[in-house]
Amino acid sequence: MMLRWPGMVYAFLMLVSLSSCEKIYDDLEACPHGVSLRFVYDYNMAYANAFPKKVDCLTLYVYDSEENYIATHVVTADSLLQDEEWRMQLELPEGSYHFVAYGGLACDKSSFSLVQEPGETSRFEELRTLMDMDCLTSEDSARRNLHGFYWGDLQLKTADLFQEGTVKMMKNTNNIRIVLQDVNSEQPVYGKDFIFSVTDDNTLFSQNNELIENGRVTYTPWAQGNTFIGMDDAGREVVGAYAELSVSRLMTGNSPVLQIRSTLTGEYVIDIPLLKYLMLYKSDLYARMETQEFLDRQSEWTMLFLLDSQKRWVQTYIKINDWTVRLNETGL
């Protein structure tokens, strides 16, 4: 049933319900003023928000309209980060602000850190993030598995009762799983017989999440061994070698190289420009997607190489994720 209020009563209730922002009653407290921020990570191939499942700590840096540093806010509580309805509400003086967010920076297992924490006189253009070098050299294999690292920013004006805004995040870390298999499934291929590596210059980030030259580094596997592939027609087990490497952001302006060397012969079984081969996986379904966007959205990769009886790469085709590409049709 719909209730109808007499005109005089309705007008009175409306006056009482008006917020203090309307300044009708001088004795009321000022209306809260600032922003209400939502954080979203849907810059992936599923186009779905994975922030609640993927980001386990959040650091937000606040800069004013002149790009001067204002404040830092850190959130590590799962109860907040895993809640789709959670918003970060900040009370701020009236104005326009630049918000810069990092996921994975404040976690205990973080693989990246600021080159220098901002202070009273810091400016936005001074913001730099650097991968911790022990992620490359640690004997602890878990350390070489880079902790998920995310970045996003937003420029937004404040408002009474909080201006709403969404900070779009992107992922800066990748996982590459490599599998080696005998082309005829006749001989086992063992992980201990190979040395896997990826080299790139991608450890230092600018304030805009672009890479800054910092010297080439070598990534080595955080996991390596043998994998059961299946049974052949004769009922024999097919065993392949595998390795998983975690690497920082892949960018088109760089030239990362994937190398696999045999410990038996000392020769390189694989020595290829990584990006060129990863881009073979890009289906025509994403023909309009820019190369860099594809590399940023697709953060998990699987590459299968077939070897002959001499443990040499049969350079006829390669399987990346679930996509098979015949190399003789690509001109490689």
Side-chain angles (χ1 to χ4, degrees), residues 59 102-117 126-151 170-180 191-192 194-225 241-263 266-279 281 291-292 294-303 305 320:
T59 305
Y102 291 97
L105 197 64
C107 303
D108 292 337
K109 298 180 180 180
S110 174
S111 301
F112 291 80
S113 57
L114 285 191
V115 173
Q116 183 175 355
E117 286 289 340
E126 299 171 352
L127 200 57
R128 299 285 186 273
T129 49
L130 178 67
M131 189 176 76
D132 299 335
M133 291 300 104
D134 67 331
C135 294
L136 301 171
T137 60
S138 176
E139 294 183 1
D140 180 5
S141 59
R143 186 65 176 147
R144 297 196 297 272
N145 182 13
L146 299 180
H147 192 75
F149 182 47
Y150 302 81
W151 174 90
M170 63 176 293
K171 190 178 183 183
N172 282 330
T173 46
N174 297 266
N175 192 73
I176 304 172
R177 181 178 174 87
I178 301 167
V179 179
L180 305 178
K192 64 180 178 60
F194 300 91
I195 298 174
F196 301 78
S197 68
V198 170
T199 57
D200 200 357
D201 182 357
N202 59 348
T203 58
L204 180 62
F205 289 86
S206 73
Q207 74 279 14
N208 292 318
N209 206 45
E210 299 293 324
L211 290 175
I212 301 174
E213 290 186 8
N214 194 43
R216 293 185 73 85
V217 297
T218 300
Y219 298 91
T220 55
W222 62 269
Q224 183 173 342
Y242 81 90
E244 296 203 37
L245 299 92
S246 184
V247 303
S248 183
R249 188 182 183 192
L250 299 170
M251 296 197 70
T252 56
N254 281 15
S255 303
V257 174
L258 168 64
Q259 293 181 321
I260 304 175
R261 183 161 58 90
S262 169
T263 60
E267 297 180 351
Y268 284 100
V269 178
I270 308 290
D271 187 354
I272 60 174
L274 179 61
L275 295 190
K276 191 171 185 179
Y277 280 78
L278 291 182
M279 289 310 298
Y281 168 64
T291 300
Q292 187 58 57
F294 181 76
L295 291 172
D296 289 333
R297 285 184 178 273
Q298 181 68 54
S299 61
E300 296 183 2
W301 310 85
T302 299
M303 307 177 74
F305 297 91
I320 306 176

Partner of Phe205 under side-chain contact (heavy atoms from CB on, under 4.5 Å), picked from Asn172, Asn214, Leu130, Ile212, is Asn172

Here the pair of heavy atoms bringing Ala241 nearest to Phe194 is CB-CD1, 4.5 Å

Smallest heavy-atom separation, Trp222 atom then Ser246 atom, equals CD1-N, 3.7 Å

Exercise for review: Mark yes or no for whether Gln298, through its side chain, and Glu300, through its backbone, hold a donor-acceptor pair below 3.5 Å.
Suggested key: yes

Only residue of Asp271, Leu274, Val198 satisfying side-chain contact (heavy atoms from CB on, under 4.5 Å) with Val257 is Asp271

Residues Gln207 and Trp151: closest non-hydrogen pair is O-NE1, 3.6 Å

d(Ile260 CD1, Met303 CE) to nearest 0.5 Å is 8.0 Å

| request: Specify whether Phe149 and Tyr102 have parallel, tilted or perpendicular ring planes, treating 30° as the upper limit for parallel and 60° as the lower limit for perpendicular. | output: parallel

**Asked** Side chains of Asn202 and Tyr219: is there a donor and an acceptor less than 3.5 Å apart?
**Response** yes

Which of Thr218, Val217, Leu258 passes side-chain contact (heavy atoms from CB on, under 4.5 Å) with Thr199? It is Thr218

Output yes when a side-chain donor or acceptor of Arg261 lies under 3.5 Å from a complementary backbone atom of Ile195, and no otherwise.
-> no

Separation between CD (Gln259) and CD1 (Ile270), nearest 0.5 Å, reads 10.5 Å

Before you tell me yes or no, could you show the steps for Asn174 and Leu295 under side-chain contact (heavy atoms from CB on, under 4.5 Å), namely the whole-Å CA-CA distance, both residues' side-chain angles and the distance that decides it to 0.1 Å?
CA-CA 9 Å; Asn174 297 266; Leu295 291 172; over 6 Å; no

Exercise. Quick check: does any side chain N or O of Ser111 sit under 3.5 Å from a backbone N or O of His147, one acting as donor and the other as acceptor?
Worked result: yes

The reported gap from CZ in Arg143 to CG in Leu136 (rounded to nearest 0.5 angstrom) is 10.0 Å

| query | Stepwise, does the side-chain contact (heavy atoms from CB on, under 4.5 Å) test hold for Thr173 with Ser299? | reply | CA-CA 7 Å; Thr173 46; Ser299 61; over 6 Å; no

Exercise for the section: Could you tell me whether Asp140 atom CG has more than 12 heavy atoms of other residues or ligands within 6.0 Å of it? Expected result: yes

- Query: For the side chain of Glu244 and the backbone of Ala223, is there at least one donor-acceptor N/O pair under 3.5 Å apart?
  - Reply: no

**Prompt:** Under the 3.5 angstrom rule, does the side chain of Gln292 hit a backbone N or O of Leu250 as a donor-acceptor pair?
**Reply:** yes

Closest non-hydrogen contact found for Asp200 with Arg249 is OD2-O, 4.3 Å

Close side-chain approach of Phe305 and Ile272, heavy atoms under 4.5 Å: yes

Correct closest heavy-atom pair for Leu211 and Asp201 would be CD1-O, 4.1 Å

To the nearest 0.5 Å, atom CG of Asn209 lies from atom OG1 of Thr129 at 6.5 Å

Distance col, row Leu275:CG vs Phe294:CZ, nearest 0.5 angstrom, shows 11.5 Å

Stepwise side-chain contact (heavy atoms from CB on, under 4.5 Å) test for Thr203 and Ser248
CA-CA 7 Å; Thr203 58; Ser248 183; 5.7 Å; no

Heavy-atom closest pair (Leu105 atom, Phe112 atom, distance to 0.1 Å) is CD1-O, 3.3 Å

One should read off an interatomic distance between Thr137 OG1 and Arg144 CZ, to the nearest 0.5 angstrom, of 9.0 Å

